[in-house]
Structures are given as C-alpha cells and as structure tokens.
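Each remark here refers to the structure printed beneath this line.
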There are 2 protein chains.
Amino acid sequence: MPSKITSHMSAIPDQPSVISVLGACSMLNPLTETEMQLLGEQSFMAYAERGEMIWLAGSPSHIVAVVGSGFVKMTRSTPQGSEVAIELLGPGQCLGLVVAIEGREYPLSAIAVTHSWYLKIPARALMEIYNSNPNLRDHIVRSLGPRLRKAHDMMARMSTGKVEQRIAAVLLILADSYGEALTDGTRIAVPLTRQDLAEMAGTTVETSIRVMSRFQKDGVVSTDKQVITIRDTAALSESLLA
Amino acid sequence: MPSKITSHMSAIPDQPSVISVLGACSMLNPLTETEMQLLGEQSFMAYAERGEMIWLAGSPSHIVAVVGSGFVKMTRSTPQGSEVAIELLGPGQCLGLVVAIEGREYPLSAIAVTHSWYLKIPARALMEIYNSNPNLRDHIVRSLGPRLRKAHDMMARMSTGKVEQRIAAVLLILADSYGEALTDGTRIAVPLTRQDLAEMAGTTVETSIRVMSRFQKDGVVSTDKQVITIRDTAALSESLLA
DNA sequence: CGAGCCGTATGACAGGCATCATAGATGCTG
DNA sequence: CAGCATCTATGATGCCTGTCATACGGCTCG
C-alpha cells in the first residue's frame, strides 16, 4: 500500500482489482476460470510511482508482473553505462514471463514511466499452470512472434540511419501501439520526457530535444505536459526515408 | 538437385540426409520417433550456394527450414535501403518456425552466407505436429527466450556506442556461437566478408574494413580466406568499454 | 518566498563516420 | 591471356551528433 499520499503529488489513481487485471491480460486469456481464480489468490497489486524501479536487471525472477494501469519501460544498460529502453508496456501487458519460465535472472530492468499499478504474480504459481496447460504455451508462442519481430524491426532501425529518422520511427511505433485518434492528429497517451525518448531512440537528451524542437517548429508534432501529439503523420513517415 | 558442378567453384559439400538434419535440430528434439518419420517423409533437402537467396522477406511462409550444413544469415532492409543482418544461423538451427506458426509472411530474408544444405519442411506438416504436441510448444517457448534476449542485447549495443565497439561486440558474439578454440586464439568458423560484418554491425563496408585493419595491425584479430581468428580476446573485450 | 530539482532549450566545438573516389589483389570466365 | 567481378584497402571531405556549458520556467519543499 502506498503510504505517502501528500498533497503535492498527482493523486494516486484508483487501484484496480486483481481479477480485473488478470482478466485484461491478453497473455493469460487461455486460462480456465479456476486457474484464474487460483492465480488471483496468490497474487497481489503493487504500486510504483513515476520513475520508480519495479525490478533491477540481474535479480532473480521470482515475480511475473502484469501492468494494471500506467506504463512501464524495460531498459538495459550498455557496457558504456547509458540506458537503452527496449520496450514500453501498457495495461494488460506482461513483464518477465518468458524469463520466469526459463528460471533465470531478469535481463532487463523494469521502471515505471507513469504512476502505475501492477499485479505481482509469484513465478511458481504461474509455472504450475504453464506446466499443465498446453493452450497457454501456444498462446505464449504466438505472442512472442510479434515481440521478436518488433525487436528485429527496432534493431534494423537503430543500427542505421540518422537520429532524426530513429526518433520519427519511435514516435510512429508509439502512436501505433498507444495512439489515440484525434480530429487533428494522433495523441500518444503516455507522458514521455525527452530523456525517455532519447533512451528509446538510442541517443542523448540534447539531441532528442533538438530534433523534437525542429519537429514542433515544422508543425509535425506538438507536446503538452509531456504528452506528444503527432500533427502530421505523413510528414513524419516521410522523414524516415530521408 | 544442384546441376552445375563446374570445376571452378569449391566442391559442393556432401548432401546430408533428411533424417540426420532432423535429428540434429535442437528445436525438434521433443518430437517422437514417429513424428520425426512423418516429417521426414514430407521434407526434402535443398542446396543454396554462397550469396543465394533462400527466401525473400514478404513472401508467404510455406516452408520452415533447418540448416544442415553451412551458414545462413537473416536480413532486413531498412527504409533507407541498406541491409541489416539480424541473425546468423548454423547447422541444426531453424528458420521461419515462429512465423509459420502464426501463418504470416516472412519478416526477414534468408540468404546463404556459405554454400549450404538445408531441409525444407512444409509448414503445414509441422503445424499438425505443433497442434498435438505440448512438449514441442514448451521447447519453442524456452528456445525463444534466449533469442529474444540476444535481440535485446544487440539492440542495446547497436543503438549506442561507437562503431569499433559494435564490431568488437559482433566478433565476440560470433566467437561465442561459432568459435573453435585454437592454441593461439579462437577461430570463427564462418567465412565472412567485411560486407557481412558491416551488415551485422550496422555500418558501412569501408568503416568495417578500416576497423578490421586497425584490429589486425594491433594483432587483435587475423583473417585468412575470410575466416576471422581472434588472437587477443581480452583486448577485444576491453575495446567494448572504451 | 527563496532554494533546489527537473525538464526543456540553445550554443560552441570537436571528432567520428558516411560518402565519394581510386586502386590493388584475387579468382573465375570466355 | 585479357576481361570482369568481388573483396580489400586507403585517402579526402563534410555533416551529424555527442559532449560541455549555460539558461530558463515550473514545481516542491523547507
């Protein structure tokens, strides 16, 4: 339970129920009613405020988490020390599942990008179900495909091209996953700092600021309270080709 | 069957038997004897010479392939047109499995890096077994974990750091997967051009040549007939940190 | 309210690397 | 054997971008 509810911080969003989060998790769709119930009894909600670490890369994977509300980024630090954001996860998405099945340490750190509620499922509880439910396995295989593909996609984009193109790519991908259609554009419904953006594009804060300033001056995007809105998707897509 | 056996090309290596390739494929380990047999009857060996395309990204995934001998690279072209090598696969490894299960088009092109024999398994034949064999699913999930992790690893390395570090990283990863221990170093048992290296490190041929020349001058690596040998692993690892 | 922190913004500067150009070396081909 | 393709190699040049430095607004806290 979050103890410090002080006036200064934005109000803590309502705590979702265990059942509702389990039900909203696409990965756990194929579970039977009783399996859901069993899992729910052993799991519990947790809260992380903005910037808080949920787990650190290298620690043992005792927990599988499901995002209830808010957004979580998975990061990895390079040998040189800088952080690279690998994935951004929203409500209903699952963290640390594959690695828990393999029984090894978390390869990525999980950090809350916004104030977030998430469900902590003991890895052992999930493994019991995994071992007896072939449908769950099929589901996992199928959900891993897109993830792998997205990773390859990012690899291709990151390892080549100029920073402006990489940032444009990141914005478009984010819009694809978390965008809300507006009359005059697409709003990426996650508050992201320039730093977050830089980590995702594999660059520095300064450069991401510069590029975003340029985009804003050109009317391609706009930012309001760290929420980015794409005003001209076509122009942004074109800047990929430059 | 390869028809042109001319004197000039290096002799075509012996064709492995269908059974031997199936047996050597770690991914298909959990198959029963009869399942293996069934699969073998519907599959057939194919040959690709160096540089030959096995399949093109975007085509329908009717075939799952298993490398019998030789090496195959999986590549993706960026919006700007350059090719990026995502994975390098050797004997016993499996191409296009996940995407075939999902029934979508190949996301990556497969190109033979050396003269290669590979087994072509009709996707439908494999799917029948996948649908009825939970052990296979478990196996796939567990094998996807490391792959995903490797992809994340590469993402982190590629999206930051200098080219010299990326090439060093590529060499070390290759040595890890395909290295043969020698008395005076580790030989990467795949003939790779500077172009191949450049694609894996996400840079240009010229730069990869320059970096490799530097490494050779420093006695860190040596090349003989496109086969790279790491002479000083410690020095190479150190250059990651710079 | 002043101090401090965080996020955004902008400038100066140097160095890395992509690009273009050229050339030698090797091996296959007609 | 001359011709051609492929791979390796090296130089010149200019832009991109990482680094360092400074500044400003908003927010929280004492």
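Chain identifiers are assigned alphabetically (A, B, ...) following the order of the sequence lines, protein sequences preceding nucleic acid strands; residue numbering begins at 1 within each chain.
Across the protein-nucleic acid pair, A/Ile167 atom CD1 and D/dC16 atom P stand 14 Å apart, rounded to whole Å. If you take NZ of A/Lys217 and P of C/dT10, they are 6 Å apart, rounded to a whole angstrom. Following rounding to the nearest Å, A/Arg210 (CZ) and C/dG7 (P) show an atom-to-atom distance of 18 Å. Between A/Gln195 atom CD and C/dT8 atom P the separation is 9 Å, expressed in whole Å. Rounding to whole angstrom units, CD of residue B/Glu206 and P of C/dC17 are separated by 13 Å. Between A/Glu164 atom CD and D/dT17 atom P the separation is 8 Å, expressed in whole Å.
Here CD of B/Glu164 is found 5.5 Å from OG of B/Ser239. Values are rounded to the nearest 0.5 Å. Distance check, rounded to the nearest 0.5 Å: OG1 of B/Thr186 to CG of B/Leu174 gives 12.0 Å.
Comparing atom distances between the A/Ser213 side chain and each of C/dT19, C/dT8, C/dT10 picks out C/dT10 as nearest. Of all nucleotides listed (D/dA9, C/dA9, C/dG27), D/dA9 comes nearest to the side chain of B/Ile209. Considering only the side chain of B/Thr207, C/dC17 comes nearest among D/dA21, C/dC17, D/dC27.
Contacts of A/Arg214 with the nucleic acid, taken as non-hydrogen atoms under 4.0 Å apart, are absent. Residue A/Gln226 is in sugar-phosphate contact alone, with no base atom involved, counting any heavy-atom pair closer than 4.0 Å across all strands shown. The residue B/Thr203 sits close only to the backbone: its heavy atoms come under 4.0 Å of sugar-phosphate atoms, none of a base.
Positionally, the nearest nucleotide of DNA chain C for A/Gln216 lies more toward the 5' end than for the other of A/Lys162 and A/Gln216. With DNA chain D read from its 5' end, the first of the two nearest nucleotides for B/Leu192 and A/Lys225 is the one closest to B/Leu192.
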TODO: Test side-chain hydrogen bond (donor to acceptor under 3.5 Å, both in side chains) on B/Thr75 and B/Glu83 and set out the steps.
DONE: CA-CA 6 Å; B/Thr75 75; B/Glu83 292 285 309; 2.8 Å; yes

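Taking the six-membered ring for Trp and thresholds of 30 and 60 degrees, A/Tyr106 and A/Trp55 have nearly parallel ring planes, at less than 30 degrees apart.
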